[in-house]
Amino acid sequence: MSHKAKRAKTEAHLVAPEEARAAASAVGPACTILELVERFEQSKYFDGKGTVDANKLVNGFNLHLEESGLRPPGGEEMPLGHGIVNVEHRPPMESVFHLVSFPEAGRAKVVAVPTKSLSDELEKKGWIPANFDYHSSRPLPALPPCDGKVVVGGVCEATSAAEKVTVPCKLPAIEQKKGAPSHAQQIVVWFETKVEVDGVEYSPMRLWSKKARKDQLLSNQRGSFRERCEIYRHVRCTRGNELPTNINEGYNELREAALNEVKGKKNKGDKDAWEKAREVSDALGH
């Protein structure tokens, strides 16, 4: 088809701008240069005489930018030779608060927030505050020395009397009142951070060795202790992609799910459950 014939065809099919926009969006993007030229000739910018109204063209493009959210309504024309660059302000790395979570065993997720209030809010959701130290050149820092706490790969022995492992004679009860942390979160805190019974703080369950449990924990508590170790492993492994604060099942549901995972497998009682749970805790860096 000659250019003259194409132009005649175009003039015969001129439509209102609204209809043209609707039609253009319906048929999708042009696939060839000729198709693109034909569509352009059908637009409101073509006067049907082979020329383009430049003012209409520029104003139409500006309107399109505003409608698409690419330019504020009524935005001023950009001066010649100038450009506008939108820059998002972020505080320097050493001036923000860093927190860490472990959605998968052995893998950490780190977030940074600019204020203490946001950091406190994340802590309430289960995120753990983390120290941040930036290194841009070698030598890179070595792994910090053992300080008597759990480190990746194993458990260090306590180096002083103040670090002695303490175990209560009974396990803490699940807090049921309104506003209490989820049952999953309570068990995670007991295993990783601390245990509190009758207002007294004890060492976290990850440090309760077989000997420590034998010396302190009442024998009728050992079944419940094994259950809580299995629930901890279920929460941190099977449900590792979820924050414990967002796991809403109650204790009985969590216990049933955890027991189903070990059903039919060889289980040597609470010793076996505790060691497997501690391996998960070690992998997470507790």
Side-chain angles (χ1 to χ4, degrees), residues 65-79 82-153 156 163 175 177-196 201 203-207 232 234-249 280-286:
L65 291 175
E66 291 181 6
E67 291 176 346
S68 303
L70 302 175
R71 171 179 149 174
E76 296 181 357
E77 291 295 327
M78 197 177 298
H82 291 75
I84 297 176
V85 178
N86 294 320
V87 179
E88 180 183 357
H89 171 70
R90 294 184 182 180
M93 289 183 289
E94 63 271 14
S95 299
V96 297
F97 297 85
H98 293 82
L99 301 99
V100 64
S101 180
F102 301 93
E104 299 177 17
R107 295 180 64 89
K109 182 175 182 179
V110 181
V111 298
V113 291
T115 64
K116 181 67 165 61
S117 60
L118 290 175
S119 176
D120 292 341
E121 188 174 337
L122 285 173
E123 277 194 66
K124 293 177 182 178
K125 294 184 176 183
W127 289 83
I128 304 168
N131 293 328
F132 175 80
D133 192 10
Y134 179 73
H135 294 270
S136 61
S137 61
R138 290 180 172 80
L140 296 174
L143 190 68
C146 173
D147 60 359
K149 299 179 181 179
V150 173
V151 296
V152 175
C156 296
E163 295 172 330
E175 191 174 352
K177 68 181 181 181
K178 186 177 181 180
S182 69
H183 293 186
Q185 176 66 8
Q186 291 183 53
I187 291 174
V188 166
V189 170
W190 293 341
F191 204 90
E192 296 176 354
T193 308
K194 66 178 181 179
V195 169
E196 186 173 331
E201 286 190 9
S203 302
M205 291 180 179
R206 59 183 169 79
L207 300 180
Y232 171 80
H234 169 75
V235 169
R236 280 307 202 191
C237 288
T238 306
R239 307 285 290 274
N241 61 337
E242 303 175 61
L243 288 174
T245 50
N246 296 335
I247 298 177
N248 297 319
E249 289 93 324
V280 174
S281 178
D282 290 352
L284 297 177
H286 297 292

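By convention here, the first residue in the shown sequence is residue 1.
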>> Working to the nearest 0.5 angstrom, can you tell me the gap between R239 CZ and E249 CD?
In response: 4.0 Å
>> Consider side chain to side chain contact (heavy atoms under 4.5 Å, CB included). Of L122, V110, L118, which one does L99 pass it with?
In response: L122
> Pick from S281, P244, P181: which one makes a side chain to side chain contact (heavy atoms under 4.5 Å, CB included) with V188?
Replying inline: P244
>> If I compare all heavy atoms of V96 with all of A112, which pair ends up nearest, and what's the gap?
In response: CG2-CB, 3.7 Å
> Between atom OH of Y232 and atom CZ of R206, what is the distance when rounded to the nearest 0.5 Å?
Replying inline: 8.5 Å
> At their closest point, which heavy atom of S119 faces which heavy atom of V113, and how far apart are they?
Replying inline: N-CG2, 3.7 Å
> Where is the tightest heavy-atom contact between L243 and W127, given as atom of each residue plus distance?
Replying inline: CD1-NE1, 3.7 Å
>> Nearest 0.5 Å, please: how far is CE in M205 from CD in E192?
In response: 12.0 Å
>> Check this for me: does any side-chain nitrogen of one of K116 and D120 sit under 4.0 Å from a carboxylate oxygen of the other?
In response: yes
> Taking all non-hydrogen atoms of both residues, which atom of I247 and which atom of E242 are closest, and how far apart?
Replying inline: CG1-OE1, 3.9 Å
> Taking only residues two or more places apart in sequence, or in another chain, which ones meet E201 in a side chain to side chain contact (heavy atoms under 4.5 Å, CB included)?
Replying inline: K194, E196
>> Within this structure, what is the NZ-OG1 distance for the pair K124 and T245, rounded to the nearest 0.5 Å?
In response: 13.0 Å
>> To check you understand the geometry: which heavy-atom pair defines the closest contact between P204 and F191, and what is its length?
In response: CB-O, 3.4 Å
